[in-house]
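Structure first, then comments.
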There are 2 protein chains.
Amino acid sequence: MSTITTLTSALQQAGMRLTPQRTSICELLVDSDEHPTAAMIYETLKPRFASLSLATVYNTLDTLVSLGVVNVLGHAGDDKVHYDADTEPHVNLACLSCSKIVDIPSEHVTHLDAEITAASGYKLLGARVLYYGLCPACQKKQARQATMKRN
Amino acid sequence: MSTITTLTSALQQAGMRLTPQRTSICELLVDSDEHPTAAMIYETLKPRFASLSLATVYNTLDTLVSLGVVNVLGHAGDDKVHYDADTEPHVNLACLSCSKIVDIPSEHVTHLDAEITAASGYKLLGARVLYYGLCPACQKKQARQATMKRN
DNA sequence: TTCCAAATTTAGAATGATTATAAAATAAGA
DNA sequence: TCTTATTTTATAATCATTCTAAATTTGGAA
Ligand SMILES: [Mn+2]
Ligand SMILES: [Mn+2]
Ligand SMILES: [Zn+2]
Ligand SMILES: [Zn+2]
């Protein structure tokens with residue numbers, strides 16, 4: 001399990017300073033289980049840093065991703081990129097309708113890293129294991145709307 | 001293995017007409033193993049359809065994705081969304097430097113679909129299993145540049 | 001055939017997430 | 001304190017993608 005230290009020390013070891021903004025972004029990423037976007041991080045931290053800039057959020061996220069301590073999952077029905085500070089192998093499951101992403105533990109994904117590295121010679125930096133579809137609530141919503149139209 | 005018919009009949013069963021543009025987009029997706037972007041598809045088909053529009057490419061891709069016969073993998077170092085007509089479970093492996101995506105067969109991913117459906121109640125539409133890092137060639141390139149700087 | 005309405009494609013404008021830029025603020029060290 | 005490198009910020013710019021309305025194509029009557 002990633003802790004705040006995992007992220008902050010990654011930044012330091014990369015020769016970067018630990019500013020309050022960067023620390024808060026790392027904290028939010030580790031504490032959150034909602035796979036936030038840059039905009040969500042920005043909005044959440046705005047009250048704490050009145051002058052926070054979106055550029056800082058994007059820059060910090062890019063750095064964390066390129067250091068391999070944060071995974072970038074991509075779009076989830078919205079057109080925003082979602083991030084995941086939990087780099088332990090697991091399945092992410094997104095609803096294309098409400099854009100929520102939940103975690104699914106799976107024994108199967110645990111061994112993929114080693115398998116891929118061995119088979120490919122690639123230097124792995126991150127994983128994007130995201131299945132997508134419709135959550136139960138949004139399935140019901142769709143069924144209801146389909147019924148409406150038919151009548 | 002997906003054939004051209006998998007995609008075209010999905011469009012027809014959704015009540016859509018099989019136009020030459022749509023058929024060609026489906027063909028290209030099935031024939032290609034390079035996980036193309038909308039722009040790549042557009043450029044490839046432009047010689048055949050002088051008046052082809054990017055909107056048609058995007059619309060067709062969206063439809064195919066929402067029908068579950070094409071997977072959307074997301075960005076790969078570039079900022080273009082890559083698509084995969086191979087919906088058989090497999091690992092995609094992207095190089096963030098040269099943006100190439102290769103396929104890695106894996107026994108482990110085969111059972112994920114069923115496992116996720118059972119555990120979640122979601123209606124699955126697609127999978128995005130993409131690991132990313134640096135291919136061997138780009139690793140060498142980076143090492144060489146690091147050496148340069150040091151001297 | 002010819003005609004019609006629906007579906008589709010197209011060209012071009014608009015959107016908006018992300019990136020780039022340059023100036024202001026901050027921090028580390030002499 | 002100075003000095004300098006790093007970082008943040010405000011704002012402009014980019015560009016992949018989406019939207020829009022007009023033009024084209026289609027399939028099915030008549
Ligand atoms: Mn997750
Ligand atoms: Mn693939
Ligand atoms: Zn939902
Ligand atoms: Zn490469």
Side-chain angles (χ1 to χ4, degrees), chain A residues 7-8 10-28 35-67 70 72-83 96 99 149, chain B residues 7-8 10-26 28 35-67 70 72-83 94 96 99 149:
Chain A
L7 305 202
T8 53
L11 289 177
Q12 286 184 309
Q13 278 167 28
M16 308 189 70
R17 290 180 187 163
L18 260 195
T19 66
Q21 291 92 333
R22 285 176 181 162
T23 305
S24 290
I25 292 170
C26 292
E27 274 174 5
L28 194 161
H35 310 83
T37 66
M40 291 162 70
I41 295 173
Y42 174 76
E43 293 302 335
T44 306
L45 296 183
K46 199 65 189 299
R48 224 173 306 166
F49 298 93
S51 73
L52 181 66
S53 167
L54 256 177
T56 300
V57 177
Y58 278 109
N59 288 336
T60 305
L61 285 170
D62 281 355
T63 305
L64 292 169
V65 169
S66 70
L67 291 173
V70 164
V72 49
L73 302 180
H75 299 168
D78 48 14
D79 285 312
K80 327 268 181 72
V81 172
H82 291 254
Y83 296 86
L96 294 185
S99 298
K149 267 192 190 156
Chain B
L7 304 204
T8 52
L11 290 177
Q12 285 183 309
Q13 278 166 29
M16 309 190 69
R17 291 180 185 163
L18 260 194
T19 66
Q21 290 92 333
R22 285 176 181 163
T23 305
S24 290
I25 291 171
C26 292
L28 195 162
H35 309 83
T37 66
M40 290 162 70
I41 295 173
Y42 174 77
E43 293 302 335
T44 306
L45 296 183
K46 200 65 189 299
R48 227 173 303 166
F49 298 93
S51 73
L52 182 66
S53 166
L54 256 177
T56 300
V57 177
Y58 277 109
N59 289 336
T60 306
L61 285 170
D62 281 354
T63 305
L64 292 169
V65 168
S66 70
L67 292 173
V70 164
V72 49
L73 302 181
H75 300 167
D78 48 15
D79 284 313
K80 327 269 181 71
V81 172
H82 290 252
Y83 296 87
L96 294 185
S99 297
K149 267 193 189 153

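Since the model is a prediction, treat every value here as computed from it, not as a measurement. Reminder, nothing fancy here: chain letters follow the sequence lines and each chain counts from 1.
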For the side chain of [X], starting at C-beta, report the closest nucleotide among [options].
X: B:Tyr58; options: D:dT18, C:dA17, C:dT9; answer: D:dT18
X: A:Ala55; options: D:dA10, D:dA16, C:dT8; answer: D:dA10
X: A:Arg17; options: C:dA28, C:dT19, C:dA7; answer: C:dA28

Distance check needed: [N] [atom2] versus [X] [atom1], whole Å only.
X: B:Phe49; N: D:dT24; atom1: CZ; atom2: C1'; result: 15 Å
X: B:Asn59; N: D:dT18; atom1: CG; atom2: C1'; result: 9 Å
X: B:Leu52; N: D:dT25; atom1: CG; atom2: C1'; result: 15 Å
X: B:Leu54; N: C:dT15; atom1: CG; atom2: P; result: 19 Å
X: A:Leu11; N: D:dT6; atom1: CG; atom2: P; result: 15 Å
X: A:Lys80; N: D:dA16; atom1: NZ; atom2: C1'; result: 16 Å
X: A:Met16; N: C:dA28; atom1: CE; atom2: P; result: 14 Å
X: A:Arg22; N: C:dT26; atom1: CZ; atom2: P; result: 15 Å

Without swapping roles, check the side chain of [X] against the backbone of [Y] for a donor-acceptor pair under 3.5 Å.
X: A:Arg22; Y: A:Arg17; value: yes
X: A:His82; Y: A:His35; value: yes
X: B:Ser99; Y: B:Asp78; value: yes

Could you state the interatomic distance from CD (A:Glu27) to CG (A:Leu45), rounded to the nearest 0.5 Å? 9.0 Å
Which distance, rounded to the nearest 0.5 Å, do you find between the CD of B:Gln21 and the CG of B:Leu52? 6.5 Å
Any side-chain N or O of [X] below 4.0 angstrom from OP1/OP2 of [N]?
X: B:Ser53; N: C:dA11; value: no
X: B:Thr19; N: C:dT9; value: yes
X: A:Gln21; N: D:dT9; value: yes

Applying a 4.0 Å non-hydrogen cut-off, can you work out what B:Thr56 is touching in the nucleic acid: base, sugar-phosphate, or nothing? base
Identify, between A:Ala50 and A:Leu18, the residue whose nearest nucleotide on DNA chain D lies closer to the 5' end. A:Leu18
